[in-house]
A.B. asks: 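Supplied in structure tokens, the structure appears directly below.
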Amino acid sequence: MEIIIKATVAEAEQEVAAIMARQVRLKPSCTLGLATGSTPIGVYACLVAQHAAGGLDFARVTTFNLDEYVGLPADHPCSYRAFMREHLFSKVNVSPKHIHFPDGTASDIPAHCAAYEQAIRKAGGIDLQLLGIGRDGHIGFNEPSSSLASRTRIKTLTPQTVKDNARFFGSEAEVPRHVITMGVGTIMDSRQCVMLATGEGKADAVARMAEGPITADLPASILQMHPVCTLVIDSAAAARLKRRDYYNWVYENKPLWQRTGTV
Ligand code: GLP
């Protein structure tokens, strides 16, 4: 896993946006896996700015979002569809027919989840998956104890995640208990994973993910097994890493051709 530590949140967001923009420029018809939560908002703002400046074309890009709340229709203000519309899709030229979400209102959830997996396969797989991390180490909505080989399915949120996400809903009582999420195995099939984590609240999960044992108790730890995974963090989220100096050293000595500014 490549670990990039930036001094500020803004620099970390710019780094992730640069990695994503590079992917879009290298392969204009790429498939992006997208994430929600507070963390990627700044990344989407950077991508929107690049698009507005004429430097980034999403016309041929296909997207698959990681997850969605069960029971929330697409027009619900707290749905992840609404989130993505607000922060990215209404501001760049992704074609609506290329946008995919798990459907939280599907009547046959297992069949819908199987169809979502099939749609990802049909699109040729995900080239780059953007990820955040929950304070308990979840990715997508794969809570602790999720099978590390899991596929898209229904999950029950932990009380902690319900609490963490209540800020979007107004109260804990309004947060759905169930979600549909790509599985850990689905995420691991992506050709590249890029995780952004910022703030001291994520420092513990980040250290356990990058330097602890691989365990279903912290689903993000499986990313240690991913062949092309980059973790981008700010200095607050890096606070508990043991090998911080080495990660900085690796970044400073990165070969020119591997740097994001080159494309
Ligand atoms: C939700 C999302 C995750 C996200 C996590 C962290 O649970 N399903 O994909 O990584 O929140 O959110 P935040 O970035 O707001 O801390």
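Only a predicted model underlies this, so the values are computations on that prediction, with no experimental measurement involved. Start at 1 and go down the list; that is how both ligands and their atoms are numbered.
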A.B. asks: Side chains of Tyr251 and Glu15 only: does a donor on one sit below 3.5 Å from an acceptor on the other?
C.D. replies: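 Tyr251 vs Glu15: donor-acceptor pair found between side chains.
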A.B. asks: Please list, in number order, the atoms of ligand 1 under 4.0 Å from a heavy atom of Tyr80.
C.D. replies: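 Near Tyr80, the atoms of ligand 1 are 1 (C), 2 (C), 8 (N).
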A.B. asks: So is Arg135 in contact with ligand 1, going by heavy-atom distances below 4.0 Å?
C.D. replies: no
A.B. asks: Return a yes/no value for Gly140: is any of its N or O atoms, backbone included, closer than 3.5 angstrom to an N or O of ligand 1?
C.D. replies: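 Min N/O separation from ligand 1 is below 3.5 Å for Gly140.
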A.B. asks: What pair of heavy atoms forms the shortest contact from Glu143 to Thr156, and how long is it?
C.D. replies: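 So the two residues come closest at CG-O, 3.9 Å.
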A.B. asks: Please determine if Ser38 has a nitrogen or oxygen closer than 3.5 Å to a nitrogen or oxygen of ligand 1.
C.D. replies: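 Looking only at distances, the answer is yes, because the N/O contact criterion of under 3.5 Å is met.
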A.B. asks: Does a side-chain heavy-atom distance below 4.5 Å link Lys202 with Arg135?
C.D. replies: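 They are in side-chain contact.
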A.B. asks: Which residue and atom name correspond to the protein heavy atom nearest atom 8 (N) of ligand 1, and how close is it?
C.D. replies: Asp67 OD2, 2.7 Å
A.B. asks: Would you please indicate yes or no on a ring centroid separation below 6.0 angstrom for Phe169 and Tyr69?
C.D. replies: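 For Tyr69 and Phe169, the ring centres are under 6.0 Å apart.
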A.B. asks: Of the side chain and backbone of Ile133, name the one, both, or neither that has a heavy atom under 4.0 Å from an atom of ligand 1.
C.D. replies: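 Ile133 to ligand 1: backbone contact only, side chain stays beyond 4.0 Å.
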A.B. asks: For atom 11 (O) of ligand 1, what's the nearest protein heavy atom and its distance?
C.D. replies: His138 NE2, 4.0 Å
A.B. asks: Suppose we measure from atom 4 (C) of ligand 1 to each protein heavy atom; which comes out shortest, and what is that distance?
C.D. replies: Thr36 O, 3.8 Å
A.B. asks: Look at Asp189 together with Arg121 and state whether they make a salt bridge at an N to O cut-off of under 4.0 Å.
C.D. replies: no
A.B. asks: Heavy-atom contacts with Gly132 under 4.0 Å: which atoms of ligand 1 show up? List them by number with element.
C.D. replies: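 Near Gly132, the atoms of ligand 1 are 10 (O).
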A.B. asks: Could you check atom 14 (O) of ligand 1 against the protein and tell me its nearest heavy-atom contact, residue, atom and distance included?
C.D. replies: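 Nearest protein contact, heavy atoms only, for atom 14 (O) of ligand 1 is Thr39 OG1, 2.4 Å.
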A.B. asks: Do Asp164 and Gln160 get their side chains close enough for a donor-acceptor pair, meaning under 3.5 Å?
C.D. replies: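 A donor-acceptor contact under 3.5 Å links the two side chains.
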A.B. asks: Only heavy atoms of Asn165, strictly under 4.0 Å: list the atoms of ligand 1 that pass.
C.D. replies: 1 (C), 7 (O)
A.B. asks: Indicate yes or no for a side-chain donor-acceptor contact from Thr39 to the backbone of Ala197 under 3.5 Å, with no hydrogens or angles considered.
C.D. replies: no
A.B. asks: I would like to know whether Phe168 and Tyr80 meet side chain to side chain contact (heavy atoms under 4.5 Å, CB included); could you show each step before the answer?
C.D. replies: CA-CA 11 Å; Phe168 296 108; Tyr80 282 162; 5.8 Å; no
A.B. asks: Given Met182, Met195, Lys202, Arg167, which has its nearest heavy atom closest to atom 15 (O) of ligand 1?
C.D. replies: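 The option holding the nearest heavy atom is Arg167.
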A.B. asks: Could you verify whether a donor N or O on one side chain and an acceptor N or O on the other, from Arg25 and Gln50, lie under 3.5 Å apart?
C.D. replies: yes
A.B. asks: Measure the distance from atom 12 (O) of ligand 1 to every protein heavy atom, then report the residue, atom name and distance (to 0.1 Å) of the closest one.
C.D. replies: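 The closest heavy atom on the protein side is Gly37 CA, 3.9 Å.
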